[in-house]
Amino acid sequence: MDRFSFLNAAHTEFFAQLYDQYLENPDSVEPSWRGFFQGFDFGMATYGEKSVAQSEQKTSGNLEGNAASEKLQKEFNVIKLIDAYRNRGHLFTRTNPVHKRRTYSPTLDLENFGLSKADLPLVFNAARIIKIEPCSLAEILGHLDKIYCQSIGVEYMYIRNPNDIQWIQNKIGHNDNQPDFSIDEKKEILGKLNKAVAFENFLHTKYVGQKRFSLEGGESIIPAIDFLIEKAAEKGVEHFVMGMAHRGRLNVLANIFGKSTQDIFGEFDGKDYNDQEYFDGDVKYHLGLTAQKTTSTGKTININLAPNPSHLETVGAVIAGITRAKQDKYFPEDFSKVLPIAVHGDAAIAGQGILYEIVQMAQLDGYKTGGTIHIVINNQVGFTTNYLDGRSSTYCTDVAKVTLSPVLHVNADDAEAVVHVMSFALEFRMKFGRDVFIDLLGYRKYGHNEGDEPRFTQPILYKIIASHKNPRDIYAAKLLADGVIDNTYVKSLETEYKSGLEVNLEESRKKELTIITPFMQNEWQGFSKAGVAQMFKIVDTSYSKEGLTAIANAICNLPKDKKFINKVQKLINDRKTMFFETNKLDWAMAEHLAYGSLLREGFDVRISGQDVERGTFSHRHAVVKVEDSEEEVVLINSLEGKKGKFNAYNSLLSEYGVLGFDYGYALANPNALTIWEAQFGDFSNGAQIMIDQYISCGEDKWNNQNGIVLLLPHGYEGQGAEHSSGRMERFLQLCARQNMYVADCTTPANFFHLLRRQMKSKFRKPLIVFTPKSLLRDPRVVSSIEELENGSFQETIDDETINKAEVKTLVFCTGKFYYDITAEREINSRKDVAVVRIEQLFPLPVEQLKEIIAKYPQADDYVWAQEEPKNMGAYGYMLMNFNFIKWRLASLRVSSASASGSYTRSKNRHAKAIRMVFDKDFIR
């Protein structure tokens, strides 16, 4: 008896469906069937796909003479073919408008699946897998080719959730993944394409040779984004946050965001800006814009294009932060109402590491945004570098696989296909709340910029591009052939649009100045710009003892129904003791009291970074864990009268991406104290681009205020070159005019007032704070409740412990070094030395320092003392900004590394720097 005769009793469609289910999720089928299919797969793999005929010969020993079994074998072969199209069809698409595709093997040829042309007329039940009735193999191939191998290629089979895969297959199976637009929609697509093409042509003729980073070769993104906004609004999206690099940005600003072309022309003409005091501006293809857009159905949507520098991919982190801030503020229960769109270049998305960081953040509690739609304008070249030299991966979008996000590759010349995949992307994001990637394969008509010669490096490619029609003309020819438009339609569209541009160009040239509209101005109502004078105005940051007591009651009492480890119980009890008994508040206690006071006043508090919930040095413990369940308890959230929201998030091990995110968060919510804390201060150099290109100069370049706070642990305690210096000198070098605050506090009370000042001011500036490490538990570093209850932030702290008339040596310093110097002074009973603390380094309180110096009539030895090497720290900054006295330096000698790796050597050098303070003749 044939041992496979049981297979004859069932319909082959049943086996096909069961096998398809097994391919998607082996554990979902009954064990005996799973074993059967595993054996079948083993047989297929053993004999190879190059010649499944050999495998069939082996199988025929079991199924010989049995027509039903042979038919079943071929059904399985067709299933294998379908599965191959799903997994590898994207490798054989017609998605490249100017390049012949690379060759991949094995191919999708029938012979690789035990099939042949002779099988083309045969009817297979396996057709039901792609949601069609049983039909011939030829018809199945036709459907598969349309779904997977025409202008759209889809990657998704690596997704691990069968429900997600099924949804995708149903979606792309509808109408064989082919666009199906009405006549009006086709004309709308053509109209947007016309504007995109005509805009570039107009600029090319009016501003010959000027850089504009043309969109030509990728113009189909304009109707696609327009369609996306329209459909997103219908699905309930109310805010649209977009980030993109320079290529195509002007086109997007004009034709999507509605930026006045008069303003754009004014920027091309190089006019000065109307804002002379606070604003230096940026090149036209870096500027952002916020606008209100009314859709064709009458819905209003807030659309935002974030400003960005030339440092590619940085803006992706910023728009994620902007998006999350809007979601937290307006739609905390429904993140889908704010939609982030990140537009990339092909070389940048593959080459810039920050993109990996952003993708890894996508599903984390503190950073998720409900899914980003990523669009790659794929020029297939990066500046002069061919794509084969620009990445090792098959696709520039392969980073999408990190989060199992689907990728759609689409031919930029096929305008309808581009709009079609945008619809897929929107629906996927709205349903699953996850990222989705669109790879828009086009080309770059000119060089990297319009003055560059691309034929130096890609002569063959640019010979093809020179004779290649633009997407508008390709689409117009299609619509003309389909009888949708006549011969005059496109010309009339172009004439009408260009005539409007001509009028605006003429009007623009009548204006003397260019007006730059601040980004997201609606979020900043009630805030004003501030110069140095306003930055020095005293802000009342006092807070009532009654209020401080309420906060202390919240953060000093653990829930009685939960069990915590002994160390947690002790530290909470210690906080209770310091507030209610000893009146000696340490750094962490003052920090928590500052947060609580702001929460009661209606401000939100967000702190993120590596290990911030506990704190790198185990001082904060904003989040404590229940011992037997690891349930998270945030004591400050039990605060009575709390009006704001408090969130502390441990970040992934990233500086660049996370600081970019938090910068964006602060940009979108000025009423949230947004803090990024570095694990150690010098780790901030991992985010140097964000500091250099955004934090230090965002207001100067883009007219954007931002109140981001950076906490950078700093201090020389023998921990080596990577755990000592927060690189104070680098931040001070970036300081100019009124761009930010830089502080190095020495008391918990001053830190309390500094944090409160950051939110109580009517303007926002970035705040850089060099925070302590060993001082967190130093019994000398305490403040009283009264110091928090009264007063305000002190930019300088004079020495009130000594008789000023006896002082010969006047020492100025910052941070921890104050305690080291005063300890040595006490040991040596040096009453002729006073030590002045500069708590705010920028803006430097010059007038206060002059007043302090005047109080010491006998002083003739002015010392700048620092624990950093001479070429680091604040010494160079003080020489440049306070040259009213002659400085004597007490510090470590110049060094390339910030500190020694030897504890003994570090201790000796530190002691020498302290000795120099008291002995002017001492030589290092």
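Only heavy atoms go into these numbers, but all of them, side chains included; no hydrogens, no water, no symmetry mates.
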Phe763 and Phe527: CA distance, side-chain angles, deciding distance, ring-ring contact (aromatic ring centres under 6.0 Å, His included) verdict
CA-CA 5 Å; Phe763 58 87; Phe527 293 88; 9.2 Å; no

Step-by-step salt bridge (charged side-chain N to carboxylate O under 4.0 Å, His left out) determination, Lys511 to Glu267
CA-CA 11 Å; Lys511 300 176 181 178; Glu267 293 158 13; over 6 Å; no

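Under the side chain to side chain contact (heavy atoms under 4.5 Å, CB included) criterion, Asn522 pairs with Gln292, Asn302, Gln525, sequence neighbours left out. Remark: Phe751 pairs with Trp587 by the ring-ring contact (aromatic ring centres under 6.0 Å, His included) rule, at least two apart or across chains. For Phe536, the ring-ring contact (aromatic ring centres under 6.0 Å, His included) criterion is met by no residue, not counting sequence neighbours. For Pro307, the side chain to side chain contact (heavy atoms under 4.5 Å, CB included) test picks out Phe519, Trp702, Asn704, with sequence neighbours left out. In this structure, the side chain to side chain contact (heavy atoms under 4.5 Å, CB included) partners of Thr549, at least two apart in sequence or on a different chain, are Lys545, Asn553, Phe579, Phe580. Under the rule for a ring-ring contact (aromatic ring centres under 6.0 Å, His included), the partners of His714 that lie at least two apart in sequence or sit in another chain are Phe770. Applying the side chain to side chain contact (heavy atoms under 4.5 Å, CB included) test to Gln327 and every residue at least two apart in sequence or in another chain returns Thr323, Arg324, Phe335, Val338, Thr369, Arg429.
Contact annotation: the side chain of Leu841 approaches that of Met728 to within less than 4.5 Å [non-hydrogen atoms, C-beta and beyond].
In this structure, a donor-acceptor pair under 3.5 Å is present between the side chains of Thr290 and Asn304. A donor atom on one side chain and an acceptor atom on the other are not found under 3.5 Å apart for Ser544 and Glu789. Side chains of Tyr273 and Asn703: no donor on one and acceptor on the other come within 3.5 Å.
A donor-acceptor contact shorter than 3.5 Å links the side chain of Arg249 to the backbone of Leu287.
Listed by first and then second residue, the side-chain hydrogen bond (donor to acceptor under 3.5 Å, both in side chains) pairs that reach into residues 670-679 are Asp611-Gln679, Arg620-Glu677, sequence neighbours excluded. For residues 694-714, the set of pairs meeting the salt bridge (Lys or Arg N to Asp or Glu O under 4.0 Å) definition, not counting sequence neighbours, comprises Glu699-Lys765, Asp700-Arg737. Sorted by first and then second residue, the salt bridge (Lys or Arg N to Asp or Glu O under 4.0 Å) pairs with a member in residues 513-534 read Lys326-Glu523, Lys329-Glu523; sequence neighbours excluded. Residue pairs meeting the side-chain hydrogen bond (donor to acceptor under 3.5 Å, both in side chains) criterion with at least one member in residues 534-543, sequence neighbours excluded, are Asp540-Ser542, Thr541-His753, Tyr543-Arg600.
Note: Leu339 CG to Met242 CE = 10.5 Å, rounded to the nearest 0.5 Å. Considering CD1 of Ile264 and NZ of Lys259, their distance stands at 5.5 Å, rounded to 0.5 Å. Atom CG of Asp604 sits about 7.5 Å away from atom CG of Leu599, to the nearest 0.5 Å. Taken from CG in Asn647 to CD in Glu613, the straight-line distance is 10.0 Å, to the nearest 0.5 Å. In this structure, Tyr285 OH and Asn251 CG are separated by 16.0 Å, a value rounded to the nearest 0.5 Å.
The neighbour count for Ile538 CD1, taken as heavy atoms of other residues, nucleotides or ligands under 6.0 Å away, does not exceed 12. Summarising the local packing, NZ of Lys299 is surrounded by 12 or fewer heavy atoms from other residues, nucleotides or ligands at distances under 6.0 Å. No more than 12 heavy-atom neighbours from other residues, nucleotides or ligands sit within 6.0 angstrom of OH on Tyr356.
For Ser792 against Asn750, the heavy-atom pair with the smallest separation is O-OD1, 4.2 Å.
By the 30° and 60° cut-offs, the orientation of the rings of His344 relative to His374 is parallel.
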Only distances under 3.5 Å count here; give the side-chain donor-acceptor pairs of residues 683-691 to other protein atoms, sequence neighbours excluded, each with its distance to 0.1 Å.
from, atom 1, to, atom 2, distance (Å)
Ser684, OG, Gly681, O, 2.9
Asn685, ND2, Asp682, O, 3.2
Gln688, NE2, Asp692, OD1, 3.1

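Cation-pi geometry between Arg756 and Phe793 is not met at under 6.0 angstrom from the ring centre and within 45 degrees of the axis. Geometrically, Arg764 does not engage Tyr741 in a cation-pi contact defined by less than 6.0 Å to the ring centre and at most 45° from the axis.
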